[in-house]
Number of protein chains: 2
Amino acid sequence: MSALGFLPATVRKSSTTRELDAGEILFHQGDRALWIYEVEHGRLRLVRYTVDGHPVPLHTARAGELFAEAALFAGTYRCDAVASVPSRVRVYPKRELLAAFRRDSTVAERFMAILAGQIHALRARVQERNIRSASARVLHHLALNTGKDGRTARLDGSLVDLAAEIGLTHEALYRTLGRLEKSGAIERNGSEIMLKKSPGL
Amino acid sequence: MSALGFLPATVRKSSTTRELDAGEILFHQGDRALWIYEVEHGRLRLVRYTVDGHPVPLHTARAGELFAEAALFAGTYRCDAVASVPSRVRVYPKRELLAAFRRDSTVAERFMAILAGQIHALRARVQERNIRSASARVLHHLALNTGKDGRTARLDGSLVDLAAEIGLTHEALYRTLGRLEKSGAIERNGSEIMLKKSPGL
DNA sequence: CGGCGTTTTGAGAGAGCTCAACATCGGTGG
DNA sequence: CCACCGATGTTGAGCTCTCTCAAAACGCCG
């Protein structure tokens, strides 16, 4: 179930979980970085504060996501982590992880692979945000999220969630999907969307 | 000079460089993944093709950037890499890198630290792109790129480059900077921008 | 001097956001 | 069993903001 499921039993057993209420703070900027985390459910905002105390949002970590990985290689956290909604996180002690990496290089490599995969996904997302047109952006997203046939994308959450993920309002997303379907570019079927003939992206 | 400067001499010596003309292809989707790359100068587009042959841009790698790191853990490349302009890349043989990781876990850890840092930067960039308002986006970017004083950001390239980096047209950026300066939110001084009193971001 | 890239300002249009109303569905409690 | 409520899905109308296209001043370098 966890993205870190490959970890040896010794490390996995050293992990714990922590429940957070909405608004509860997991760690503060400047705290000693002793753990990294994975969101089991809920949502956490990572926020940095400027010298004059203004918040600068860095990221929102969602279910299934690993975060504060940079803490592995830094002494202190560089931002605050606050639960946006009631959440549960899995807590991995940094020492144990690093020890496991040293003990077995294949563990280190798998972890690197996870990081490399995240980089890939994030780059694609940045690229996606460069696309202004709602329809082109939606098609880009769908094209990158097709299943094995390379044509069909399955929606796992609501359209509201999808809209947030690709950076559109849900109204704009509804309208865009409607227009794309009417024009024959896609076909909807419950939670599945099939790309018919993708026009120039 | 290289982001991978920490690598042991044996690995560094095993790296080579390759010059690319504009439009020249570095690797193809499906090619065996034997190398990872670093852009020394120029710009490369990473593009994936859908089943019906339409290009889906994944990323644009710029000077100083490491790319195709995922190749370390995959058998084949998952996209094409094409030079947008005449470019030079440094070529690291995957085998040598992986061997170095296994030989010395501190090398592996430094590489992980680089990956983790990239993830951080990319997440911040995604977050930044979620901001619609040009002025808020500019302030967000400046706040995350201040020097040690936490107030002053130094521009390394032209404003045209900055505009592309934060996803605005250069005209919009000029106007926004002008307005911010007039309103007293920032102060410009050649290539330095000082944040005066950051309003709510 | 004559280009070329950067910086700057202007006017207009289009696209997505905002606000608003409404239908639908599933769960909850009286 | 039904009324109510919240989340999801959908559509409409107007507005704002950035993009686009255009033009021009500026500095730099050959």
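Below, chain A is the first sequence line, B the second, and so on; all start at residue 1. Since the structure is predicted, the reported quantities are computational estimates derived from the model, not experimental observations.
Less than 4.0 Å separates DNA chain D from at least one heavy atom of each of the following residues of residues 173-182 of chain B: B/Arg175.
In this structure, B/Arg188 reaches the C/dT8 phosphate: one of its side-chain N or O atoms is under 4.0 Å from OP1 or OP2. Close to D/dT18, at under 4.0 Å from its OP1 or OP2, lies no side-chain N or O of B/Arg132. For the OP1/OP2 pair of C/dC17 and a distance below 4.0 Å, the side-chain nitrogens and oxygens of A/Thr169 include at least one atom meeting the criterion.
The residues A/Arg137 and A/Glu128 are annotated as not salt-bridged, no charged nitrogen and carboxylate oxygen being separated by less than 4.0 angstrom. Checked for salt-bridge contact, A/Arg90 and A/Glu38 miss the test: no charged N lies under 4.0 Å from a carboxylate O. By the 4.0 Å N-to-carboxylate-O rule, A/Glu24 lies close enough to A/Arg18 to be salt-bridged with it.
Taking atom CD on B/Glu171 and atom C1' on D/dA24, their separation rounds to 13 Å, with Å as the unit. Rounded to an integer number of Å, the gap from A/Leu159 CG to C/dT24 P is 18 Å. For A/Asn130 and D/dC19, the CG to P distance is 11 Å, given to the nearest whole Å. Here D/dT18 presents its P atom at 9 Å from CZ of B/Arg137, a figure rounded to the nearest Å. Summarising the geometry, the separation between NE2 on B/His170 and P on D/dT20 is reported as 11 Å, rounded to the nearest angstrom.
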Counting primed atoms plus P, OP1 and OP2 as sugar-phosphate and everything else as base, spell out the protein contacts along nucleotides 25-30 of chain D at 4.0 Å heavy-atom distance: B, S or - for each nucleotide, 5' to 3'.
------
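Five base pairs at each end of the helix from C/dC1-D/dG30 to C/dG30-D/dC1 define two local axes, and these are offset by 30° (rounded to 10°).
Across B/Ala63 and B/His41, no two heavy atoms sit closer than the pair CB-CA, 4.2 Å. B/Ala100 and B/Val107 get closest at one heavy-atom pair: O-CB, 4.1 Å. Between B/Ala71 and B/Tyr77 the shortest heavy-atom distance is CB-CE2, 3.6 Å.
Taking the six-membered ring for Trp and the full ring otherwise, A/Tyr92 and A/Tyr37 have centroids separated by 6.0 Å or more.
When the nucleotides D/dC19, C/dG16, D/dT8 are ranked by their closest atom to the side chain of A/Val160, D/dT8 comes out on top.
Side-chain contact check for A/Leu177 versus A/Ile186: some heavy-atom pair is nearer than 4.5 Å.
Remark: the backbone N or O of B/Glu187 is not paired with any side-chain donor or acceptor of B/Lys196 at under 3.5 angstrom.
In this model, no donor atom of one side chain and acceptor atom of the other lie less than 3.5 Å apart for A/Asn145 and A/Arg154.
Ring planes of A/Phe111 and A/Phe101: tilted class, angle from 30 to 60°.
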